[in-house]
Visitor: 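Questions regarding the structure given below will be posed in turn.
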Amino acid sequence: MRTSWADAASETVVSNNNPVPRPSRHTYVPPHLRNSAVSDAPAPSGPPTERESFGGNTGGSRWSGSSRTKPEYGRQMQGNGYDAAGRDGGGSCRNNRSGGWDRRKREVNPFVNDDKVDDMKQGFSEHENTVINFDAYEDIPVEISGENVPPPVNTFAEIDLGEMMNQNIRRCKYAKPTPVQRYAIPIALGGRDLMACAQTGSGKTAAFCFPIISGIMREQYGQRARGGRTVYPLGLILSPTRELSCQIHDEAKKFSYQTGVKVVVAYGGAPINQQLRELERGVDILVATPGRLVDLLERARVSLQSIRYLALDEADRMLDMGFEPQIRKIVKQMDMPNRGVRQTMLFSATFPREIQRLASDFLSNYIFLAVGRVGSSTDLIVQRVEFVPESDKRSHLMDLLHAQRENGEHGKQALTLVFVETKKGADSLEHWLCINGFPSTTIHGDRSQQERELALRSFKSGKTPILVATDVAARGLDIPHVAHVVNFDLPNDIDDYVHRIGRTGRAGKTGLATAFFDESNLSLARPLAEVMQEANQEVPPWLTHYASQAPYSSNRNRRSGGRFGGCDFRREESFGKNLDYYGRGSSGTAFGVPADYGGAYVPGVISAWD
DNA sequence: AAAAAAG
C-alpha cells in the first residue's frame with residue numbers, strides 16, 4: 001500500500017490538533033484573516049466567539065509588499081515571510097486555525113485519487129502521468145517582449161511560493177518548472193500583465209494558478225468587500241468549455257490544498273443551487289465558463305469588484321467571435337476593476353494577430369511571452385495526413401482501429417480521440433463504431449452535462465477507448481494516455497487543428513495524429529503543410545501540391561506564428577511602421593536562447609532564428 | 001455552416 005504525500009500531510013494536520021473550540025455555525029473567513037491577529041483586522045461577520053477563536057499568531061502584515069506596487073521583478077518575493085509563516089505561532093501550516101474551525105480538516109484531499117489512478121493505469125504502458133519528460137523540452141526557443149521583463153527561474157525553490165505550495169508542488173510530482181512556467185511565473189509574481197503562448201500540454205494551468213494562489217496568500221487584509229449573499233472573489237479564471245473549467249478547478253484545488261485559498265467552479269448544465277451553496281461557503285478564486293458567470297453576476301450572487309487577478313485560458317478562443325461579446329461584458333461592463341488595477345493574464349497555445357490586437361484592450365503594459373514553436377504543435381506528435389474521400393472515411397477509420405488493436409498490448413485498444421465537424425456526425429459515427437465492435441462514446445454540446453462527463457470518464461478509464469468528439473474537446477482537456485488523435489473531419493481553422501492534435505503528446509510524451517483530408521479541405525492545405533513542416537513532419541507530396549496551388553487565404557495572415565513561432569503583434573506593427581511601439585527607443589527584449597538558458601540576456605537581439 | 005456558452 002502506497003503512502004502518498006497527501007496522506008502524510010493529512011496526518012500532520014489531524015495530529016496537529018486544534019485546541020480552540022469550534023463554533024457551531026461556520027462562517028466564511030477570508031484568507032487574509034484566517035491566520036492573523038484579530039486586533040486591527042476588520043471584523044468579519046459572525047458572532048464574537050468566532051472572532052475570538054481566530055487564535056491570532058501573527059501580525060499578518062508580513063504579507064505586505066503588494067506585487068503591483070513593485071514594478072521591477074518577481075524576485076522581491078524571495079523569502080518574504082513564507083518561512084516565517086510556516087514556523088510562526090507554532091503551527092507547521094498556515095491557516096490551520098481558521099475561524100475557530102479548521103476548514104482544511106474538512107478539505108477533501110485532492111491527491112487521494114492520484115494513487116488510485118496510478119494503480120488503475122497498470123494496464124497502460126506508462127505510470128506517473130504527472131511526471132513530465134523534461135528532455136523533450138530542451139532547446140526550446142523563447143521570445144519575450146515588453147518593458148522590464150523579470151528574469152526566468154530554473155527551479156521552484158527560486159520562486160519560493162511558500163511551504164504549503166511547495167508541498168503541493170511535490171505532491172503533484174513536479175520536479176522543476178516547465179519552460180513556460182519558468183518564464184511566466186516570475187512575470188506574474190512581479191504583478192505584470194501577460195500574454196503567453198506555449199505549446200499544448202506544456203503546463204500553462206500551473207503557470208497562471210501558482211501566482212494567483214500565492215498572490216492571494218500574500219494579500220493584505222482589510223479591503224475585502226462583503227454584503228448580503230453576494231460573494232467577492234479575488235481571482236477569476238475563465239475558460240471556453242465546462243469540462244475545461246472543471247479540470248482547471250481540479251488542478252487549482254491541488255495547488256491550493258491547505259493554503260486556505262478557496263477555489264470554486266461554476267458552469268452551465270449543472271444545477272445552479274449546488275454551485276450557489278459552494279459560493280456561499282466562501283470563494284477566493286472562481287473558475288467559470290462565461291455564460292454561467294454572467295448568470296451569477298445578473299443574480300448579484302457574485303461581484304467582480306474585488307477581482308485582483310483575471311486569467312483567460314484558451315484566451316484566443318475566448319476573444320474570438322463567439323465569445324468576445326460575453327467576455328467584453330464581464331470584463332468591461334460589470335464591476336470588474338479596470339486593467340492596470342487588476343492583473344490580467346492571457347494564455348493559449350495559439351494567438352492570431354488580430355486576436356492579439358483585440359486582447360491588448362484588456363491588458364496594461366503587458367509582457368508578451370512565446371515559448372516553443374507557438375501556433376505549432378510539438379514535434380512529439382507524429383502527424384500524418386491521408387487523402388480520404390468522404391465516402392471512404394468510415395472504412396478507413398475502421399482499418400486504422402483494427403491495425404491499432406492488433407499492434408496494441410494484449411489486444412487492447414489504445415485511447416483514440418476522433419474529431420468530427422458536427423454533433424450529428426459525432427452521434428452517427430459513434431453508433432456506427434459501436435455496432436462494428438469498437439466500444440465508443442461521444443462528447444458534444446447536444447448531450448447533457450451528465451452524459452458529457454460520463455463520456456469523458458468512460459474514455460479516460462479505458463472502458464470506452466474511443467471517444468468521438470466535436471470541438472468541445474479540442475482545447476485544453478488533459479486526458480492522459482491518448483495515443484491517437486484522428487481528424488476524421490478536419491477543422492476549417494488551422495489553430496483548431498493544432499489544439500486538437502495537442503490532446504496527445506502531452507507532458508513530454510509522444511503521440512500520433514492522423515488527419516483525413518478531402519476536397520473540402522483545400523483551403524487548409526497551405527497552413528496544414530506549414531504546421532507540419534514547422535514540426536519537422538513529413539509532408540506528403542500531394543499536400544505540398546495542393547498547398548502551392550491554394551490561394552493565399554486570409555487564414556494565412558492570421559496565423560499566430562510565422563515559421564518560427566509566436567510573435568508579439570506590437571513588434572510586427574512597429575516594424576511595419578518603422579516605429580517603436582512605445583515610442584521610447586527600447587520596446588523590449590527577445591531571447592533567442594534555449595529555454596534552459598539561465599545566464600545573462602542578449603538585449604537588442606531580436607531573435608536568433610529570425 | 002458549425003461549435004461553444006444560460007435556461
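Values reported hereafter were calculated over all heavy atoms of this structure, with side chains retained and with hydrogens, waters and symmetry mates removed. Proteins get letters first, then strands, A, B, ... in listed order; numbering begins at 1 in each.
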Visitor: Rounding to an integer number of Å, can you tell me how far A:D316 CG sits from B:dA3 P?
Guide: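 To the nearest whole Å, that distance equals 20 Å.
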Visitor: For A:F459, give me all partners under ring-ring contact (aromatic ring centres under 6.0 Å, His included), at least two apart in sequence or on another chain.
Guide: none
Visitor: Write down the distance between CZ (A:F419) and C1' (B:dA3), rounded to a whole number of angstrom.
Guide: 12 Å
Visitor: Scan A:R452 against the nucleic acid and name what it touches under 4.0 Å (heavy atoms): base, sugar-phosphate only, or nothing.
Guide: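 It contacts sugar-phosphate atoms only.
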Visitor: Send over the distance from A:M321 CE to B:dA1 C1', rounded to a whole Å.
Guide: 11 Å
Visitor: Can a cation-pi geometry be assigned to A:R328 and A:F323, taking NZ or CZ under 6.0 Å from the six-membered ring centre and within 45° of the ring axis?
Guide: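 Geometry flag: not set, cation outside 6.0 Å or 45°.
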Visitor: What integer distance in Å separates A:R475:CZ from B:dA2:P?
Guide: 20 Å
Visitor: From NE2 of A:H444 over to P of B:dA5, roughly how many Å is that when rounded to an integer?
Guide: 12 Å
Visitor: In whole angstrom, give the distance that lies between atom CG of A:D446 and atom P of B:dA2.
Guide: 12 Å
Visitor: Would you mind classifying the nucleic acid contact of A:R317 as base, sugar-phosphate or nothing, using non-hydrogen atoms under 4.0 angstrom?
Guide: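 Result for A:R317 = base.
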Visitor: Examine A:W542 together with A:F517 and report whether their ring centres are nearer than 6.0 Å.
Guide: yes
Visitor: How is A:G445 classified with respect to the nucleic acid when contacts are heavy atoms under 4.0 Å: base, sugar-phosphate, or nothing?
Guide: sugar-phosphate
Visitor: Roughly how many Å is it from CG in A:L238 to P in B:dA6, rounded to a whole number?
Guide: 11 Å
Visitor: Evaluate the ring-ring contact (aromatic ring centres under 6.0 Å, His included) criterion for residues A:F488 and A:F419: first the C-alpha distance (whole Å), next the side-chain angles of each, then the deciding distance (0.1 Å), finally the verdict.
Guide: CA-CA 6 Å; A:F488 188 88; A:F419 281 103; over 10 Å; no
Visitor: Among B:dA5, B:dA4, B:dA2, find the nucleotide with the atom closest to the side chain of A:E421.
Guide: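 Of all the options, the side chain of A:E421 is nearest to B:dA2.
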Visitor: Return the value, rounded to whole Å, for the distance between atom CG of A:L477 and atom C1' of B:dA4.
Guide: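 Nearest whole value for this atom pair: 13 Å.
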